[in-house]
Amino acid sequence: MSTNRRQFLARSSALTGAAMAGAFGRFGIESASAQAADYKALVCLFQFGGADSNNMVVPDTDYAQYGLVRTAGSQVGIPQANLLTFTASRQGGKSYGFHPSLQPLKDLYDQKKLAIVANAGTLIAPITMTEYKAGINRPPNLFSHSDQQMLWQGLLPGEIVRTGWGGRLADKLASMNTGQKIPTMVSVSGTQVFNSGHDTRPFVIPGNGGVLLSGQGADAVSTARYNALRTLLGTGGGNKIFDGAASILDKSLSAADAANPYLTATLPATIQTAFTVGGTLLNTGLANQLKQVARLIEARGALGVKRQVFMVNIGGWDTHSNILTNQANLFGQMAPAMRAFYDYTVAAGISTNVTTFTMSDFNRTFIGNQTIGTDHAYGGNYLVMGGAVKGGDMYGTYPQLFLKGPEDTGSNGAWLPTTSVDQIGNTLATWFGMSAADIAYTFPNLANWSAGVRNVGFI
Amino acid sequence: MNAAPKVTVTSSPANQGVPGPLTLTANATDTDGTIAKVAFYNGGTKISEDTTSPFTATFTTTTTGTVYKFTAVATDDKGLSTTSTELGVTVGSVINAVPKVSLSGTPTSQTTPGTVTLTASPTDSDGTITKVSFYANGQKFADVLTPPFTTSYTTTNTGTIYKFYAIATDDRGATATSQDVNISVGTGTNNAPKVTLAVASTQIAFPGTATMTATASDVDGTIARVRFYQNGTQRGEVTTPPYTFSYTTTVPGIYKFKAIATDDKGATTSTAEVPVTSGTPTQLNKKPTVSLSLSNTLVMAPATVTLTATASDTDGAIQKVQFYRNGAKIGEKTATPFTFTDTIASSGKVSYHVDATDDVGNVNTTLQQVVSAQVPPAVATTDPDIWRLLNQATFGASQAEAASVKSLGITGWIDGQFAKPVTGYPASRYNKVQLAETADCTTRDPLGNNYPSNSPQAMCVRDHLSLAMVQRDLFTNAVYGGDQLRQRVAWALSQFLVISGVERDLSYAHVMARYQQIMFDNAFGNFETILAKISVSPAMGNWLDSVNNDRPDATKNRVPNENYAREIMQLFSVGLVELKSDGTPLLDANGDPIPTYDQDDIKQFARVFTGWTYANPDGSAITKKNAVYYGADMGVFPGTATTGHDTDAKTLLNGTTLLAGQTAQKDLADAVHNVFVHPNTGPFVAKLLIQRLVTGNPSDAYVGRIAAKFANNGSGVRGDLKAVVRAILLDAEARGAAKADPAFGSLREPVLMITGLVRALNGVTDGAALGDRTSTLGQRPYYAPTVFNYFQPDETIPGTSILAPEFGIHDSNSAVTRTNLVYSLVYSGIAPDQTLPGATGTRLNTYQFDQYATDAAVLTDKVAEMLVGGALPAAARTAVINAVNAVTLSATPTAQQLTDRSRMAVYLIASSYHYQVQR
């Protein structure tokens, strides 16, 4: 840990107090006419628990290699006949298959709106297997949930991570959001390392509904209580601690006031339609989170934001047992929700302005365990979705699924990543329009890769 | 004479991920001639020949999941040839199937010693068997490399059973062990023993004792032992007749017993299970379930309290519910609603419980819940200095404690605090020194059913095998304990000498309690003592890996774990950079900070903290690296040239040398002393303590004054925490009427925020669930996410460089949650937990203000006096008054209207940063 790494970035913390609260009616929706023409949003979907992406994208041409280990008897494999097959020109034109529960995403791949990044993971610098085995440039605490979540989100190995790259992106994007009524970084996934920057604090919203103070209603007593609470925030008399703490709550409440009308209103028709599948409105945890994101994107003009970073999540991927049942269930939630969100962006005319990408703690071991699951491993396959994505292809290098083979860090099939999180982040940040300096600030390890390979090229 | 050629073969690539072409290369030499040709073979099939060097062949593999076996045969110019060692090339992932082997022996028994023929039948589904080893009584006596896998053995001792087995090895090194073949000599074929079990009675009382006798016999030998089992768990063993056994039942129910007899040759026979019913039909009848809900646990005397019981019976009906006050029955109901209203005439504590009786007379009772009846507390003072002192030195200022300060004076009060007996977490209370469930500390009864959650056994699991009781004690001691200053300093120390329940073993009550007791016991002691004690604490040993840490082992390229070495310097004593005596960094010629230590220093310290292991539970001398035990300090285990304590010389900070050959204990004490006397440690510790007690952003001069006191308490003693704490609290920067510095003070930590509310408002709490509440604000007590605490000392107020550690956990989410937590405590409180003896839940006393509630201004001022020790600023006061007035009153105000007004005022002031910031 380095305690002098802290940056004291000048940023006005002038207390707005109650003045801001009264800018427009607390429960009124402002006209959404001023839609920002220049708008871009990144949506991070974190698969908590370490998703087994060996089963998300399965080799078809080389299925023999896969089937040798993930046999029918192992009960951790997908039969070849069930794969949703596609070809990937960047993988020598070989054929692969999506997990059978991913049909909605497979269709997007075919439409070239979804790309795969193969064998990605947390890295400090490019690494060879020899270096890995010698402990050179090997990230700390591999295979540990908390550490690897922190590393995927924070990218600062060996440090007590207090900022994540979503938050650091937001630090640098704030200047583009003049007049914003909610923070650049919005988390529907609680407070995570990913969404705190040096200056940025995320606006944390629940998976359903608005950010609510207890005891709030439309009655006169509630209103009086709320008004007094806001007024009290401005009575610090110049005490910096009072004002600093009050400012955090004040901004949160202001953001809530701005956002709550949109988070609590009847679901807009574009979102309703996109999230209705087979006559039923999707109601899974992830679908609801993405509806929340869609509601705020829908209100982007009124909320005064041109660049936004969102975080949503789906948990339950720690499939040490019963992997096939669990994965079918999880992919069965994830694919329609992601697809619905994409369809919403199309309907809203902003499909090329919104890019969604997945992250997870790590991939899982290629070999199955005794409890018909798989255990913690390393490099895995990830998805990038959106109208701007150069989809219909697989980027990076799909590993040889070969126990003790050249890409296995041990003997159970834990692949040494060939693409780093920094490279993925840089690719997205470049699309976002960030300067090289801002990118260096956001992705601390990126300089360890040569300039030519820093952009993975999927967007 | 012609010498044979030599040849080896290699493949490129050595192995393949997918089938494809590979190149075989032979390295063939002949000492007395030349190589005429090399032929390459795949198994028995020739691939090709090559007559010129380099000798190569190409081959294309086709089958994945296979090991191809290649050989090269070199022939010299005189026609003599040599075959290379077989080369295996793996294509794809190969999962080697384990071989199988069975063993048979003839004859199956012998009347006299002689030859036994043993035949192994090994198979390997994906390869060949390369070896079968035969064992007699654990000793290998033969290896057979090729079929038939048969060997013989000559027995010598009569009256003996020879135990044979075989181990088969396949071509990839996997092994399998056969079943045992027992061949008896001189005793003929062994017959299994016979055994029956008779119970004295199949119906016994509860609690009662089931008595049983096993009758065991063996026609061709003797009975070695009889073991008795209850519901599958062995409960007793008898080796000589009579084979009697008794078992005392612990819960009513049907117990199933069986006996297993073992003869002298190891054969066993089990009886069937014999059921014994313990308890009368009434006892076996399931007890009713009953819970109690009180209308409130905090009232103003005189008051009424309504008791509401919820009772049901799964196998009958509720006959009656009885209500008790302080153990004496006060009422009875035979039909729903099971409610009773009691009147409390005067102030004090009243315990209530209820019991429910079902249709067979079975009774179940709730635990006691306690109601506190209060009279309006007095306002002792609005002196801001007294109020501030109490927020710095206790778990929250209250008018009751302020009265004490007023009468003793500030110095007198502080000195009185030094003399208060230690509350803490005594070992006598944290007396379950165990990491696993035991018969008296388990959620499952002996019959495998769940104990009720209010049973002693289940409560034991909650209280002793988790940190639930420690967290409850933290809050109740903080609210009620007399040794406020000691607790406050211990809590401060626990936040930079951090261990955490996130490490599994540290989430057991006795482990955490014993560590934190070091802080309580030494809060006014010497800092060097604390460093020494935590350095041998087994909890710390586990947490920072200094336990079972060995000296360097060059043969294995292993070095000592550096974790504790690093953290004792970085976090517990000297910090990262050289400091001036006022805590500001020393700078080098370039204006850069100077590191206090480097990686070499860490390596030296890592070698100091070697050779320690867990104590033996019985206190006996340590002879080896021990498994976990947290009931006593770590001790030193005997080392070797590559294990245990590193006895080589070490060089510590500032050039201090530890001589070779010192004991682990001496090295540790010397290293602790080395960091303790480092000039950084005074300002480092001084600043951390000031931050936790007084202000997040102390002046350099303030730090300097406290560091000087750390260096010398006035009597030449360094590290005297009593002198340091007194100096911190009596310093001019802490004391005085009004604080002009706009950065003075701190945002209350979540724990202090809650204890402060309960103390200021004369609330009641039993501590239950409060740790869960503070954890939603980022402070789960004794579960810091890392050794870096819940938040770090260098956090700042956003947009400023003002240090404010607590801002590390104050974000948009937790700020709203903090406000909502206050709302929930003011408007609802926490109801008593049915599984906690003497539960009160947590309630704030807002009722004390109801008498003023008709006048919003008076009400606001009274609440402010109790909560913030004086008047609010005018604008804040007006805001609260306006909100209170929004709660309209009838011509004759109802009690609810008055309560709502009181709550409004308390909520707004308590959630405001006038209360939330200590300043």
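Chain letters run A, B, ... following the sequence lines, proteins first and then strands; every chain starts at 1.
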Requested in this report: Not counting sequence neighbours, which residues clear salt bridge (charged side-chain N to carboxylate O under 4.0 Å, His left out) with K94(A)? List them please.
Outcome: D62(A)

Report task. Evaluate the side-chain proximity of V221(A) to M904(B): yes if any heavy-atom separation is below 4.5 Å, no if none is. Result -> yes

Query - Proximity breakdown for F744(B) and chain A, heavy-atom pairs closer than 4.5 Å - result: backbone

Query - Heavy-atom check, side chain of Y913(B) versus side chain of I241(A), under 4.5 Å - result: no

Query raised in the report: Quick one: what part of P202(A) sits under 4.5 Å from any heavy atom of chain B, side chain, backbone, both or neither?
Result: backbone

Query raised in the report: Considering only heavy atoms, which portion of E806(B) lies under 4.5 Å from any heavy atom of chain A: side chain, backbone, both, or neither?
Result: neither

**Report entry** Part of I205(A) lying under 4.5 Å from any heavy atom of chain B
**Finding:** neither

Requested in this report: Please flag which part of R919(B) lies under 4.5 Å from any non-hydrogen atom of chain A: side chain, backbone, both or neither.
Outcome: side chain

Query raised in the report: Okay, side chain of S812(B), backbone of S252(A): is any donor-acceptor separation there less than 3.5 Å?
Result: no

Query raised in the report: Any donor and acceptor pair, going by atom type alone, linking the side chain of N239(A) with main-chain N or O of H914(B) inside 3.5 Å?
Result: no

Query raised in the report: Using non-hydrogen atoms only, which part of S824(B) is less than 4.5 Å away from chain A: side chain, backbone, both, or neither?
Result: neither

Query - Residue list, side-chain hydrogen bond (donor to acceptor under 3.5 Å, both in side chains) with N885(B), at least two apart or on another chain - result: R901(B)

